[in-house]
Amino acid sequence: MRGLGRFLRERTAATGAGFVLLLVVLAVFGPLIDGTPPNAIDHAILGMPQPPSGAHWFGTDLLGRDIFVRALYGARVSLMVGAAAMIVSFTIGVSYGAIAGAAGGVLDAAMMRFVDAMLSFPTFFLLLIIAALTETFSLGIIILIIGLTSWPGLSRLVRAEVLSLRDRDFVEAARALGARPGRIVLRHLIPNALAPVVVAAAFAVGDNILAESSLSFFGLGVQPPQASWGNMLQDALAPEAQSAPWMVLVPGLLIIATILAFSVIADGIRVSLDRSISQSAADDEPPAELLAVPTAAGNSSRG
Amino acid sequence: MSAYIVRRLIGAIPLLLFISLVTYAMMALAPGGPVSVLGPRGGNLSPEVIANIKAQYGLDKPWYIQYFYWLKELLFHGSLGNSFVDHRPVIEKVFEKLPVTVEMIGLALLLTLIIALPIGIYAGAHRDSLVDNVASVVGFVFYGVPIFWLSIVLIDIFAVQLRWFPSSGISSLGAEGDPIDRLRHLALPVVAIALTGFVSWMRYQRSSVIEAMSSAYIRTARSKGLSERDVLFKHAFRNALLPIVTLLGLSLPALVGGAYFVEYVFSIPGVGYLTFSSIFSRDYPTIMAITMLTAVLIVAGNLLADIAYAVVDPRIRYT
Amino acid sequence: MMSTVVRAARLLARLRFAFCALAAAGSVAACSAAPAAVHAQPGTLVALARADGATMNPLFAQTVQDASVYGALLYDGLSDLGLDGANHPALATSWSHSPDGLHWDVSLRRGVRWSDGVPFDSRDVVYSYHLMLDPKTAFIGEGDIDYIKRVTAEGPYRVHFDLAHTSARFVDAALGEYLLPEHILAKIPDDRQTFSSFGEHPVGTGPYALAHWEHDSDVLFERNPYYWRGRANIARIDFRIIFNDQAEVDALESGSADLIDDLLYDQSRRLVRESPQTRLMTFPSLYVNTIEINLMRPGLADKTVRQAMMYAYDREATVRGFYDNHVRVSNNLIVPAMSRWYNPHVRTYPYDPARARALLDADGWKLGTDGVRRRGTTRLAYQVLVNQGSVSITDQVLAFCQDEAAVGIKLDLRQLDFASTIQRAYSGKYDLLADARGGTLDPDYTSVLLSTQRPPAGANTTGYNNPIVDHDLIAGLAELDYAKRRVYYDQMQVQLAETLPMIWMYGRYAGTAYSKRLLLDPKVTLQSPLIWYNVQDWKLSS
């Protein structure tokens, strides 16, 4: 049973990775092959969404635009936002958490209080207010906003890992050899702390795609006519959506499938990383499986 | 132990102050304050009247002074001020909406636990089995669903097509007090929240069980000849329940966030709806009150979580 | 407090988006399945609303719902709007003015009582106007009536007004303000009126009184036994708040509600399709959807550019595609429904992109390699602000943007929440803005079009500056004789169509849907919220 499980898990992860790869290829090359402009409003069928057909594989929306093509362009946007925002939060979160964990003492406490504060805000609040605040709006701003609201969780995770690594033998050895603190952080702590963080980052891509779709759904994310899966979901508000479900189902299912793919990939990474963790260490470590959830251990002053 | 709790409580105060300050600053800096929302209706209000309106709202002072007055009101008079929209005490506005949201989140939590706990524990005990894998995948599917989209789909299927549930509101005409009617109205929103959230709980349980099962004292128990079943129930199970408190505190932001969307889509007049409408109308006092309420709950949740850990792991108390 | 029409004008023109933002955003593409039609109790009219009001104190009413709907149920003014769209005596029985129009005498109706039984007399009138005019009260509509210098009582049933200057709006706007009970409010100092609980426990002379209020959920009114026109026919009116459009329609279809007074076009389409037995009333539009233009921006300041934009915009396609031709393309700020004032002889702009291009070419706007026209350092590239929350409007504006791109004017859309849009409009930080105008039965647009009314003094957000229109507005407002006023406003309309401070789109759809058991007066000609002004005559058949 165990062997079958592991096999299935690997297959699942591989399927997920395959899906994402396919999506990326389609998103990058698809629009180049199919020349249909994604934003061209067709006056002839204004207000009359067409069901999927040979001419329009996923049908058309309220403005007569081809949904398949828009879905491809939307894939570009969503993937880009998801990944780029993850890089932003990863960079900030890892550095912040590593420094806090390595520094310890008052600096650590102060830094983590700030993180606690950030985590206590309902994220959507923040997104809403910042989106309304910004003067010029662009994809870059959206990426920045989403990245800036998701780094605290990562930093907590990193800090917890760093804390548990700090007193380990190889770090003691490095210290005994006279290595400078910066070097210790960079060469020893971060690489070893990365394992659960990479997993969390993979989950973060999914979270970011969700965040973008929520923002865009409320009209405060990607602006039309540029297509994003989130703002395509705005059509779900129109009464016609009831008789034209393809308008709602296509972006929704795409979002679900993509996030699912990233989730199983992340899970697969975790499994393979787990195998390289020795059994004895597993006894004292906090469960490395606390993935999409920041560890409570990060909050208490432990170690 | 009590020293630890007191220390943590004291530590929470600067945290809450900081949150309140940042929230007020953000709000005040957002373009279009409450007076500008009134402005066009007035059309040609005389400068004197505008000045009076601003004075009534306390908006004639810079934002940090406004914040200071807000804090003073709160600390010395226990008052959260009056709403800019209808000038009623904010506490009144929040408390009349709180029961519905609490009900909804409470039921959602219950449903989540009912789904997540048994599956999570089973998955942990039978690691890498088919059930474990399927449960994870299904969990991830729902995790990736945008909650407003899920709400729309649920309404479409269960309210429109099957007509099993109503699609909006919290009560039917003439049945305002009826608990069954209320449950029918809350069913779909509760399911939406539970479905999108259960995966975290499930995996947390799973990992707790796994950790517990492989830890040293379990090996001792096994070596002493206890049956697998006893090992599971007497030790792993008990251990696995403890993190519930932890996870409760940590998942509060997500729960509250989910409630906002759901109330919006299902026309439920709860705190979530109030949040949206006060942000859109720049009703500072109400926004502050709700933010602080949420923050207090989250901080309290985290505190409970930490206390739970301290109970379990004595090392923590002395650091 | 505010006259029916003035109230509707202001609030609807600007605040409809507040409703859209909340209500439409929550609208869902689904039918609600109200459980097996629980029919409302006999004698109770169930009306639906997509957003609740905030306060029932007319001094501080901010939304259409509390100002015009609840206000019409609870209060009266000295004058009132009739079914014919004209103002008739209500709490007053007659009025007369001096030849110079600066002194008015108003006779009050006898035998009127407040809903708590206390008799109404001139003290209430004097006190109400005192409250409205005192800057310390901070009455929202103070700017509309600030030309009233003094209000005095001459005995219990006569009131005298002294004005600083004449105003054609005195009867409908000033005399139409809702009156408040002196015996309750005089106990509160003027600057504390905002914080009184009167907004939660209102007392008025209107056909109904508030019985129970569950905010954002349910509002129950019971008829006022003392109502001076006689007891209303319907004993109770219950408002249920449903944020989303679809559930509203479903409640009506299933029989658990009786009335959607402010019907959206998309809702009507569904009703026509699915439940033909529901009664539907369509009204001539009182509103025009517009795209406001910031006349200070280079390029947009050019009349030629604006006229080209009108020619380039295929409004017929929008009206056909989004409204199945149930609304009409607009050529004017004044709507045809205002039959006493509408001037059909103004310049029109039929869809003609070739003409648009010709105009731009002739004026020196050359098409660049990027498809955008430029002249010197000015590029015709702008941003259009739209309120988030209405998919329909966003889509329509997108169609507009595409039409303009075809002639070389590049427009980008930006969605914003309501408060941000208002702030940008009022601080001039915008290029183009999707909005709506109208809701008034009087053509006075002083605060919007007069050149001296730029914010913060007034609501002239476009920066319109036309000496001819300035003269028309000032003279028109001061003139009490209809025929003479007509001349000024005719000219104003000609000027507006020629100089285009806004792009007119179409007259907004106005409809009401109601169940069979509700018997509305068939003579109702005015759209929501003005239909509530003869609510006392409505009947329920069961």
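A note on names: the letters A, B, ... follow the listed sequences, proteins ahead of strands, and every chain is numbered from 1. The structure presented is a predicted model; accordingly, all values stated were derived computationally and were not measured.
- For chain A, the option among C401(C), G321(C), A399(C) with the highest count of heavy-atom pairs below 4.5 Å is G321(C).
- Only the side chain of D403(C) comes within less than 4.5 Å of a heavy atom of chain A; its backbone N, CA, C and O stay farther away.
- With sequence neighbours excluded, the residues that form a ring-ring contact (aromatic ring centres under 6.0 Å, His included) with F58(A) are F68(A).
- Remark: R328(C) CZ is loosely packed, at most 12 non-hydrogen atoms of other residues, nucleotides or ligands lying under 6.0 Å away.
- With a 4.5 angstrom heavy-atom cutoff, T394(C) touches chain A only via side-chain atoms.
- The CG atom of D412(C) sits 10.0 Å away from the CD atom of Q226(A) when rounded to the nearest 0.5 Å.
- A distance of 8.5 Å separates CG in D395(C) from CD in Q234(A), rounded to the nearest 0.5 Å.
- Within the model, atoms CG of L62(A) and CD of Q396(C) stand 10.5 Å from one another, a figure rounded to the nearest 0.5 Å.
- For the pair R65(A) and L398(C), the tightest heavy-atom approach, listed with the atom from each and the gap, is NH1-CD1, 3.8 Å.
- When heavy atoms are compared at a cutoff of 4.5 Å, L63(A) approaches chain C solely by way of its side chain, counted from C-beta outward.
- D61(A) does not touch chain C: none of its heavy atoms, backbone or side chain, sits under 4.5 Å away.
- Residue P224(A) comes nearest to Q415(C) through the heavy atom pair CD-OE1, 3.6 Å, listed as atom of the first residue, atom of the second, then distance.
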